[in-house]
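Being a predicted model, the structure only gives us computed values, none of them experimental. So that the names make sense, note that chain A is the first sequence line, chain B the second, and so on, each numbered from 1.
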Protein chains: 2
Amino acid sequence: MARNVEFDEELAISRAMDVFWKKGYNGTKMRDLTEAMGINSSSLYNSIGDKHELFIRCIKHYTESRMAAATKQLGRIKSPLKALEKFIQSSVYAITNEPNSCLAIKTTFEIAASDEKVQKVIKADNKFTYNLLIDLVNKAIEKKEITVSQDAEMLTDYIMNHFSGWHESFIIHQDKARIKKMADFLLAQISK
Amino acid sequence: MARNVEFDEELAISRAMDVFWKKGYNGTKMRDLTEAMGINSSSLYNSIGDKHELFIRCIKHYTESRMAAATKQLGRIKSPLKALEKFIQSSVYAITNEPNSCLAIKTTFEIAASDEKVQKVIKADNKFTYNLLIDLVNKAIEKKEITVSQDAEMLTDYIMNHFSGWHESFIIHQDKARIKKMADFLLAQISK
DNA sequence: ATTATTTTGAAACATATGTTACAGAATAGT
DNA sequence: ACTATTCTGTAACATATGTTTCAAAATAAT
């Protein structure tokens, strides 16, 4: 028996996410957010909550979108090693072509250590990727597509942990070729 | 013909560094800094400058200390591969025992992409480590201690780029064993 | 059409924040 | 001891910042 929300909440979250992505949590001001979202702060507080709650929504949006994309992309690939390759190559593409480095990694280094709620979202995202990859690694080991190590857990960690270094490298050098060479070497290492 | 500065500037910088290290650039307030440094803002502005200049001094202090420590530690080791091992093991120790993750990496992800002066310091630090390591890698390749690849530049990048992933992992899981296993695997990979 | 309820916009609020002003204290060189 | 100069502490300043207030607008259900 009353008025409905006027703005598209998902679109607004996505716009806010872009601001946080570029400026970080502490670097983003409420006025940056309301301007980008195209709504007034009273509407924001009324429908979503304060800055921190909005940030949580934004990083959830970010991580959930990535999860959906990864699941979709890897689903149809039969060879587990080929799927791993695809995942790594997609990461390289994102790292070297997106305007900002990964929001999850930036958030991890900026505030995850001191913000429990944020850490929970980051952990969930990490766990998802870990589960996705360890499944592939296990299958690849079974099929003898991977023989470099039998320790699937370590190997999954090992693979995953390359991405933030690649982001770091790209922030510093903006050199796509360097990232590609490292990725090729990683792939060569695990493909034997 | 006048009064001298009362406080120990290097000590004050070191105290300020600890605050930035823990809270990040945007998360640190001037009053956090003056309190930790034990001086008031007029002395700070009078002797060092504004927040940004102080930050530059702090990250320079951080990176220069690390450079000195690395040079000192690796100088006496004869085998280049052993020196690489030592560097990696020292990094693992720092990552899993220091109260905050690397200030240079945190800074890279927080503001290096949008702050030229900061980026310059970060680049210099990166270049120093790169030069230190590529020298070892080249010598190790010459001595046939490393045979996994002949591309010293790529291999140096490859080794260096593990550290931020290990930091990320430790922030998320606080599990020393996971970092150690990855480091051991990396060492096994390059030691053949 | 009325009503009860919710959303929205403009403005304001309380506090935080980076920085400066200035008077007095301190001191290196004379 | 004097003096010119610099440093220090207190307080304040101007603006930024996260959040709230409240009246008016909108609308779903009756």
Side-chain angles (χ1 to χ4, degrees), chain A residues 1-61 107 110-111 114-118 121, chain B residues 1-61 106-107 110-111 114-118:
Chain A
M1 2 140 99
R3 194 173 172 182
N4 287 334
V5 184
E6 213 169 66
F7 65 94
D8 178 340
E9 194 165 299
E10 184 155 336
L11 182 63
I13 293 286
S14 171
R15 296 260 167 79
M17 185 191 78
D18 288 336
V19 181
F20 280 127
W21 197 353
K22 190 176 172 192
K23 302 191 170 191
Y25 181 74
N26 285 311
T28 298
K29 311 307 172 190
M30 289 305 290
R31 281 156 185 78
D32 299 333
L33 292 165
T34 51
E35 190 188 358
M37 298 166 88
I39 64 174
N40 186 284
S41 63
S42 74
S43 294
L44 175 56
Y45 278 85
N46 195 44
S47 59
I48 294 169
D50 64 12
K51 185 187 178 188
H52 192 265
E53 284 181 83
L54 175 58
F55 184 67
I56 296 287
R57 290 284 301 271
C58 288
I59 58 176
K60 276 187 179 163
H61 180 75
T107 299
E110 191 191 354
I111 48 166
S114 58
D115 187 318
E116 238 176 273
K117 286 177 186 174
V118 168
V121 179
Chain B
M1 357 138 100
R3 194 175 172 181
N4 286 334
V5 184
E6 214 170 64
F7 65 95
D8 179 339
E9 194 165 299
E10 184 154 337
L11 182 63
I13 293 287
S14 172
R15 296 261 167 78
M17 185 192 78
D18 287 337
V19 181
F20 280 127
W21 198 353
K22 190 175 172 194
K23 302 191 170 193
Y25 181 74
N26 285 311
T28 298
K29 309 308 170 190
M30 287 307 290
R31 281 154 184 81
D32 299 333
L33 293 165
T34 50
E35 189 189 358
M37 298 167 87
I39 62 175
N40 64 39
S41 61
S42 73
S43 293
L44 176 56
Y45 277 85
N46 195 44
S47 60
I48 294 169
D50 63 13
K51 186 187 178 187
H52 193 265
E53 284 181 83
L54 175 57
F55 184 68
I56 297 287
R57 290 283 301 274
C58 288
I59 58 175
K60 276 186 180 164
H61 180 75
K106 290 181 75 167
T107 299
E110 190 190 355
I111 49 166
S114 58
D115 186 319
E116 238 177 274
K117 286 177 186 173
V118 168

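In this structure, B/E53 places its CD atom 13 Å from C1' of C/dT19, rounding to the nearest Å. One interatomic measurement links the two molecules: CE of A/M37 to P of D/dG18, which rounds to 14 Å at whole-angstrom precision. Note: CG (A/L44) to C1' (D/dT20) measures 13 Å, nearest angstrom. Here D/dA16 presents its C1' atom at 11 Å from CG of A/D32, a figure rounded to the nearest Å. The distance between atom CD1 of B/I48 and atom C1' of D/dT8, rounded to the nearest whole Å, is 14 Å. Atom NZ in A/K29 sits about 12 Å away from atom P in D/dT19, given to the nearest Å.
Two residues, A/S42 and A/R31, neighbour DNA chain D, and the one matched to the more 5' nucleotide by heavy-atom proximity is A/R31.
Contact annotation: B/Y45 side-chain N/O to C/dT20 OP1/OP2 distance is not under 4.0 Å. The shortest distance between the side-chain N/O atoms of A/N40 and the OP1/OP2 oxygens of C/dT8 is not below 4.0 Å. Side-chain N/O atoms of B/N4 include none lying less than 4.0 angstrom from OP1 or OP2 on C/dT27. Of the side-chain N and O atoms in B/S43, none sit less than 4.0 angstrom from OP1 or OP2 of D/dC7.
Screening A/K51, A/R15, A/K23, A/K22 for a salt bridge (Lys or Arg N to Asp or Glu O under 4.0 Å) involving A/D32 leaves a single residue, A/K23.
Within the nucleic acid shown, B/T34 has no heavy atom closer than 4.0 Å to any nucleic acid atom. Counting non-hydrogen atoms under 4.0 angstrom, A/S47 reaches nothing in the nucleic acid.
For A/K60, the NZ atom sits in a loose shell: 12 or fewer heavy atoms of surrounding residues, nucleotides or ligands are nearer than 6.0 Å. Other residues, nucleotides and ligands contribute at most 12 non-hydrogen atoms within 6.0 Å of the CD atom of A/E35.
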request  = Begin from the C-alpha positions of A/E10 and A/H61 and carry the test side-chain contact (heavy atoms from CB on, under 4.5 Å) through to its verdict.
outcome  = CA-CA 9 Å; A/E10 184 155 336; A/H61 180 75; 4.1 Å; yes

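Of the candidate nucleotides D/dG18, C/dT8, C/dA11, C/dA11 has the atom lying nearest to any side-chain atom of A/S41.
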